[in-house]
2 protein chains.
Amino acid sequence: MATGRTHRPATRSRGIPEATVARLPLYLRALTALSERSVPTVSSEELAAAAGVNSAKLRKDFSYLGSYGTRGVGYDVEYLVYQISRELGLTQDWPVVIVGIGNLGAALAGYGGFASRGFRVAALIDADPAMTGKPVAGIPVQHSDDLEKIIEEDGVSIGVIATPAGVAQQVCDRLVAAGVTSILNFAPTVLSVPDGVDVRKVDLSIELQILAFHEQRKAGEESGADTGADTGSEAGSAAAAVPPAPRGATGGSRKGPDGDVPAVMPA
Amino acid sequence: MATGRTHRPATRSRGIPEATVARLPLYLRALTALSERSVPTVSSEELAAAAGVNSAKLRKDFSYLGSYGTRGVGYDVEYLVYQISRELGLTQDWPVVIVGIGNLGAALAGYGGFASRGFRVAALIDADPAMTGKPVAGIPVQHSDDLEKIIEEDGVSIGVIATPAGVAQQVCDRLVAAGVTSILNFAPTVLSVPDGVDVRKVDLSIELQILAFHEQRKAGEESGADTGADTGSEAGSAAAAVPPAPRGATGGSRKGPDGDVPAVMPA
DNA sequence: ACATGTGAAGTCTTTCACAGCC
DNA sequence: GGCTGTGAAAGACTTCACATGT
């Protein structure tokens with residue numbers, strides 16, 4: 001709707017694949033550590049190990065940036081730090097606002113990794129008048145009435161949302177209207193934003209659910225390949241929780257993709 | 001090295017692609033919202049919109065779980081909630097320990113989304129004796145000396161690391177040795193774990209750097225396609241930060257992948 | 001001799017488009 | 001008519017393996 005371009009190639013940047021971009025910070029961190037230990041050069045092998053990836057991937061990633069290594073030798077640590085920093089845009093500093101100063105917002109405000117790489121907490125914003133003026137991590141909280149003014153005056157383009165889910169979308173809308181074009185969302189909601197605005201989300205609950213999935217599989221593997229063993233033992237409530245399946249279940253119609261999911265459901 | 005199997009198919013589970021698994025929690029959240037509003041059925045189109053994905057992807061994802069929809073109608077909300085919950089292993093409850101009760105750890109302990117889906121904070125653990133016994137989010141902090149005992153007694157298999165980076169690896173090692181097989185890591189370090197242990201990481205700084213990358217690109221696009229315009233304007237400091245390039249830079253040898261990166265570096 | 005840089009092959013993921021069923 | 005379920009095509013990402021340069 002509205003937007004002209006029919007599904008442009010997603011967030012694909014001047015030839016650098018998104019997956020590569022997502023790893024650059026990892027490399028940068030490993031390189032920074034080497035730099036602090038005054039290590040002059042690294043091989044792709046060593047650096048890859050430090051970053052937790054394999055060396056072929058690392059070399060391919062770097063190849064998108066240019067030819068910054070020396071054959072037979074490796075990469076100059078300082079030089080690479082600079083190139084990656086520049087590529088990521090960390091040679092300039094980015095003012096960031098955090099909206100929603102609850103437990104999480106406060107923790108984020110105090111997070112050291114923020115300042116370490118070109119990010120500066122320009123303002124903390126909360127809707128609770130009782131919070132206004134209270135310093136959190138050394139920065140006084142401002143009231144959300146002033147959100148637009150703050151964004152514009154400081155030229156903020158990155159916003160962090162740490163509010164309850166219920167208000168995340170409206171906060172998002174206001175941020176975007178005020179000029180923010182990148183959002184890091186900690187609220188467990190899907191945000192919708194206009195074209196040209198980037199959203200990344202961090203969701204604890206989702207991460208745990210993914211872990212639980214794999215955890216369950218491990219448990220299942222130990223004994224037989226049997227899934228869904230107990231789960232609904234208290235027949236009463238479990239049965240109540242499970243609807244009678246979409247309209248007149250015909251005997252064996254319900255099957256798993258491999259055809260052997262032990263149909264755990266009220267027949 | 002050491003591990004027998006030569007690169008097994010990564011974390012690939014009984015036919016369900018990892019990318020799909022990562023989206024199931026999203027669908028589940030959207031479905032739960034519908035369920036609370038007593039909506040009986042949804043089409044793939046509607047549900048996809050609510051989850052922020054496109055409908056073809058959603059249908060493909062669901063097809064890995066089985067045939068849970070009804071053609072011409074859609075999906076039964078309650079039934080799908082149940083099926084996805086079961087697939088994710090959320091019909092059982094998972095005791096979780098959080099190690100490192102600083103600002104972040106405390107925020108995580110108080111996070112509502114935890115309890116909402118089968119996850120139960122079994123214990124909060126911190127190395128600081130001053131913290132021991134202090135209740136955080138209603139749960140008394142225990143000392144890390146007792147880590148092994150706690151894990152074993154409660155049968156904990158999921159651990160959350162919210163410690164400083166410096167001690168994350170040793171905490172991780174102890175968790176794993178005590179029987180934890182899934183770790184959610186908030187410390188900005190690469191954790192190495194034995195085969196069979198899953199690690200997921202959440203790193204604020206990395207997310208911001210990725211946003212900064214795209215943000216920079218947007219800024220560059222506005223004016224000409226010229227990247228790296230200012231950035232190193234204050235020539236003095238910028239130049240000092242850049243090493244003389246790996247050994248005798250021969251004039252035009254340094255090039256970007258497309259051959260047109262305006263080499264922003266001291267010649 | 002050694003380690004980068006990269007075509008080519010392989011694998012995973014997304015999207016298309018339509019057969020099949022309600 | 002409408003919507004699911006899915007082969008097949010397209011695309012993105014990873015891995016291989018070796019030519020290339022020092």
Side-chain angles (χ1 to χ4, degrees), chain A residues 6-13 15-24 27 41-49 51-76 79-80 83 245-250 253-259, chain B residues 6-13 15-24 27 41-49 51-76 79-80 83 245-250 253-259:
Chain A
T6 323
H7 97 296
R8 49 137 173 217
T11 324
R12 172 73 176 299
S13 330
I16 303 186
E18 189 56 27
T20 294
V21 172
R23 280 188 296 267
L24 292 181
Y27 301 143
T41 60
V42 257
S43 66
S44 61
E45 204 71 56
E46 296 165 322
L47 184 53
V53 303
N54 78 44
S55 63
K57 196 184 316 202
L58 177 143
R59 287 201 302 278
K60 184 61 108 184
D61 283 342
F62 285 0
S63 80
Y64 294 113
L65 307 184
S67 295
Y68 294 149
T70 307
R71 292 170 204 247
V73 178
Y75 301 92
D76 181 299
Y79 188 61
L80 247 194
Q83 289 299 345
R247 210 67 48 176
T250 331
S253 78
R254 177 139 301 98
K255 63 155 192 39
D258 296 342
Chain B
T6 323
H7 97 298
R8 51 140 172 217
T11 323
R12 174 72 177 299
S13 327
I16 303 186
E18 189 57 26
T20 294
V21 171
R23 280 186 296 267
L24 292 181
Y27 301 142
T41 59
V42 259
S43 66
S44 62
E45 203 71 56
E46 296 165 322
L47 183 52
V53 303
N54 77 44
S55 64
K57 197 184 315 201
L58 177 143
R59 288 201 301 279
K60 184 60 110 180
D61 282 343
F62 285 0
S63 80
Y64 293 114
L65 307 183
S67 295
Y68 294 147
T70 306
R71 290 165 203 250
V73 178
Y75 301 92
D76 181 297
Y79 188 62
L80 246 194
Q83 289 300 344
R247 208 67 46 174
T250 332
S253 77
R254 177 139 301 98
K255 64 154 190 46
D258 296 342

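Small disclaimer: the values here were computed from a predicted structure and weren't measured. Quick note on labels: first sequence line is chain A, next is B, and so on, each numbered from 1.
Rounded to whole Å, the distance from CD on A:E45 to C1' on D:dT15 is 13 Å. Separating the CG atom of A:D61 from the C1' atom of C:dT6 is a distance of 13 Å, rounded to the nearest angstrom.
Counting atom types as modelled, A:R71 pairs no side-chain N or O with a base atom of D:dT22 as donor and acceptor under 3.5 Å.
Looking at residues two or more places apart in sequence or on another chain, you find a side-chain hydrogen bond (donor to acceptor under 3.5 Å, both in side chains) between B:S43 and B:E46.
You'll find that the side chain of B:T70 is closest to C:dC22, out of C:dT13, C:dG5, C:dC22. Taking only side-chain atoms of B:K60, from C-beta outward, the nucleotide of C:dT13, C:dG5, C:dT15 with the closest atom is C:dT15. Checking C:dT4, D:dT4, D:dG5 against every side-chain atom of B:S67, the shortest atom distance belongs to D:dG5. The nucleotide whose nearest atom lies closest to any side-chain atom of A:N54 is, among D:dT15, C:dT13, C:dC16, D:dT15. Residue A:S63 has its side chain nearest to C:dG5 when only D:dT4, C:dT14, C:dG5 are considered.
Note that the two end axes of the helix from C:dA1-D:dT22 to C:dC22-D:dG1 enclose an angle of 0°, each drawn from 5 base pairs, rounded to 10 degrees.
Closest-nucleotide positions on DNA chain C for B:G72 and B:K57 were compared, and the one nearer the 5' end corresponds to B:K57.
OP1 or OP2 of D:dG5 lies within a sub-4.0 Å distance of a side-chain N or O belonging to B:Y75.
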Start with the C-alpha gap between B:L65 and B:Y27, add the side-chain angles, then the distance that decides, and say whether side-chain contact (heavy atoms from CB on, under 4.5 Å) holds. CA-CA 13 Å; B:L65 307 183; B:Y27 301 142; over 6 Å; no
Starting from the C-alpha separation in whole Å, work towards a yes-or-no answer on side-chain contact (heavy atoms from CB on, under 4.5 Å) for B:S55 and B:R59. CA-CA 6 Å; B:S55 64; B:R59 288 201 301 279; 3.6 Å; yes
